[in-house]
Peer 1: 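Below is a structure I'd like to ask you about.
Residue numbers start from 1 in every chain, and the chains themselves are labelled A, B, ... in the order their sequence lines are given, proteins ahead of strands.
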Amino acid sequence: MADLSFDQTQQSKFGKTTLRIILYVLLTLFALYYLLPLFVMVTTSLKSLEEIRTGSLIALPREITFDAWKIAWASACTGIQCEGLRPYFWNSVLLAVPAVLLSTLLGALNGYVVAQWRFRGANLIFSLMLFGCFIPFQVVLLPMARLLGLMGIAGTIPGLIFVHVIYGIGFTTLFFRNYYVTIPSELVKAAKVDGANFLRIFWSIFLPLSLPIIVVTVIWQFTQIWNDFLFGVSFSQAGTQPVTVALNNIVNSTTGVKEYNVDMAAAIIAALPTLLVYVVAGKYFIRGLTAGSVKG
Amino acid sequence: MEFPMSEWLENHLPKIVLAPSFIAVLVFVYGFIGWTAWVSFTRSKLLPKYEIKGFIQYEKLFASPRWDTAFENLFVFGALFIIIAMVVGLLLAIMLDQQIRTEGLIRTIYLYPMALSMIVTGTAWKWILNPGLGLEATIKGWGYNDFSFDWIVNSEMAIYTIVLAAVWQSSGFVMALFLAGLRSVDGEIIKAAQVDGIPTWRIYTAIIIPSMAPIFLSAFIVLSHLAIKSFDLVIALTGGGPGYSTDLPATYMYAMAFSRGDIGQAASSAMIMMLVVFTIVVPYLYSELRTKNDG
């Protein structure tokens, strides 16, 4: 947008400076509001329990200790087992990687068909798939639990992968469809004239053009699946829980002394992968968020 | 010359590629909604029964004080969350649009909560809001002995802690939406208005904000969708408590389905959630798809 600072000619220099200062103060206060929980999580995780009880929430640790991190990773109790977050962290990895790849691949193929190979009914099919993105998942939990049981994959990681792929297709198709729609249809026509077939056009023309949307989709799906709790808690059992479910179990387990430093270290560990993605590829993360909400 | 078989295949390949996903959506979205709807009209308890008995589950649902609280909470939480997140998001976007030197850094800070799991958000705020050792204790420690901030353990106020954490998580995202919207407003019109000496605040209220109506709508849709689906945040922050005071339809449904073993109640509460989403999303999607097909 064009110049739109508070630089109206009728404003005095003094008023202008005051406004700028107020602006920066407000922006800083909001920055503190957003940073406070992260700051508190990090400092609390580095304190001893003794220091947490006697000190203040927002004080820096007097003595830095990584004990809470070790416990959170390897020996905190998530119910009856006391193996820390480690096994559940790997569950989440084992679950997220195939689910992200599969749903992205399917989304790319579907988006390619819906955007470039329109046939009668393609629009209706796309609308029906799009609506699937918006349903509250509570409405499919009960039948899905039964189906997974019938298929013999209830409480397993393949079962969770299956669920995440199914309910991820809507969004991934939407992402690729909106991207491929902007590619002129003459391209497909020309390639057909040259004798290229459906898959070859996808493989040699569309896929090489798709890197940005692949990054956006992979990041979106990874964040969704890593952070998922509802499917994780509904469709897993003791050994197969994802990291979010294990974190909740550590924090809300009622046995023994409440170890706040361990809770905070565990929360940071569970958050690290998606935070890292955000820091490294924030631009694509934001594009996914806005693409998921501003249709068209 | 191609063989007829492979020609047939080539002609139908797009449909064949789309078919598995489409069938999956038909079965696992629409079929499953149908199943849940059916079961919500039966006497199912621990196991599903398929004999239709009318609206008994819905009657039971709306006679239940716990559901009353959950349903009312949805509107209290939803309204506050949507309004506050939109106001904060718009305010931040306008402030950031004033040629701020450190805009990139500030944007990164405002938006990072969106990358976190609601369970992480809930865990962090639960600790901060804990009266014994958290914010309340800290401020008391500064000498303000009368300071009290015990919302999280107060059944009247606990729902507002959910609003606080949810706004923290999502307002940066609303800011990003609005900022993109502000930057897409036609610069020429704004320049013309500035030349005419129209004050900046008038330019915002009379020109820029009205032209962003579609973005308000998308923000509203996304936020209301987040509000209805809010489940993890409640579980991690308050566990629905104290008592049932912070239950939402999503947590009610989960409790009925997986701890109470009451499939009929779970199905009927899920259908009510579905209806709420329907009334908000369907008109929006319909108008979106229609304008797209016309254009």
Peer 1: Measure distances from B/S40 to the heavy atoms of chain A and classify the residue's part below 4.5 Å as side chain, backbone, both or neither.
Peer 2: neither
Peer 1: Is it the backbone or the side chain of A/Y112 that comes under 4.5 Å from a heavy atom of chain B, or both, or neither?
Peer 2: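 Interface part for A/Y112: neither.
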Peer 1: Under 6.0 Å between the ring centres of A/F285 and B/F173?
Peer 2: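 Ring centres of B/F173 and A/F285 not closer than 6.0 Å.
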Peer 1: Using 0.5 Å steps for rounding, measure from the CE atom of A/M41 to the OG1 atom of B/T123.
Peer 2: 8.5 Å
Peer 1: Heavy-atom cut-off 4.5 Å, strictly under: side chain, backbone, both or neither for B/V174 against chain A?
Peer 2: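 For B/V174, there is no contact with chain A at all, as no heavy atom is under 4.5 Å.
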Peer 1: Atom NZ in B/K126, atom OH in A/Y260: separation rounded to 0.5 Å?
Peer 2: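 Result: 8.5 Å between the selected atoms.
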Peer 1: How many angstroms lie between atom OH of A/Y34 and atom CD1 of B/I106, to the nearest 0.5 angstrom?
Peer 2: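 Rounded to the nearest 0.5 Å, the OH-CD1 separation comes to 12.0 Å.
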Peer 1: For A/F30, is it the side chain, the backbone, both or neither that has a heavy atom under 4.5 Å from a heavy atom of chain B?
Peer 2: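 It is both, since atoms from each part get that close.
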Peer 1: Less than 4.5 Å to any heavy atom of chain B: does that hold for the side chain of A/S127, its backbone, both, or neither?
Peer 2: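 Both backbone and side chain.
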Peer 1: Is B/V27 close to chain A through its backbone or its side chain, or both, or neither, when contacts mean heavy atoms under 4.5 Å?
Peer 2: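 No part of B/V27 comes within 4.5 Å of chain A.
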Peer 1: What part of B/W168 lies closer than 4.5 angstrom to a heavy atom of chain A: side chain, backbone, both or neither?
Peer 2: both
Peer 1: Identify which part of B/F258 has an atom lying under 4.5 Å from any heavy atom of chain A, answering side chain, backbone, both or neither.
Peer 2: side chain
Peer 1: Check whether B/L111 gets within reach of chain A through its side chain, its backbone, both or neither, counting any heavy atom under 4.5 Å.
Peer 2: both
Peer 1: Select one option (side chain, backbone, both, neither) describing which atoms of B/A250 are under 4.5 Å from chain A's heavy atoms.
Peer 2: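 For B/A250, heavy atoms of backbone and side chain both lie under 4.5 Å from chain A.
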Peer 1: Heavy-atom cut-off 4.5 Å, strictly under: side chain, backbone, both or neither for B/M253 against chain A?
Peer 2: side chain
Peer 1: Name the region of B/L135, side chain, backbone, both or neither, that has any atom closer than 4.5 Å to a heavy atom of chain A.
Peer 2: both
Peer 1: Nearest 0.5 angstrom please: A/W226 CH2 to B/L116 CG, how far?
Peer 2: 13.0 Å
Peer 1: Nearest 0.5 Å, please: how far is CG in B/L18 from OG1 in A/T173?
Peer 2: 7.5 Å
Peer 1: Where on B/P14 is there a heavy atom nearer than 4.5 Å to chain A: the side chain, the backbone, both, or neither?
Peer 2: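 Both backbone and side chain.
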Peer 1: Out of curiosity, B/E103 CD to A/L27 CG, how far, rounded to the nearest 0.5 Å?
Peer 2: 10.0 Å
Peer 1: Please look at B/A165 and chain A and tell me whether the side chain, the backbone, both or neither of the residue comes under 4.5 angstrom of a heavy atom of that chain.
Peer 2: neither
Peer 1: Using non-hydrogen atoms only, which part of B/V277 is less than 4.5 Å away from chain A: side chain, backbone, both, or neither?
Peer 2: side chain
Peer 1: Side chain, backbone, both or neither: which part of B/I16 has an atom under 4.5 Å from a heavy atom of chain A?
Peer 2: neither
Peer 1: Is it the side chain or the backbone of B/Y112 that comes within 4.5 Å of chain A heavy atoms, both, or neither?
Peer 2: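 Both parts, backbone and side chain.
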Peer 1: So what's closer than 4.5 Å to chain B heavy atoms on A/I135: side chain, backbone, both or neither?
Peer 2: both
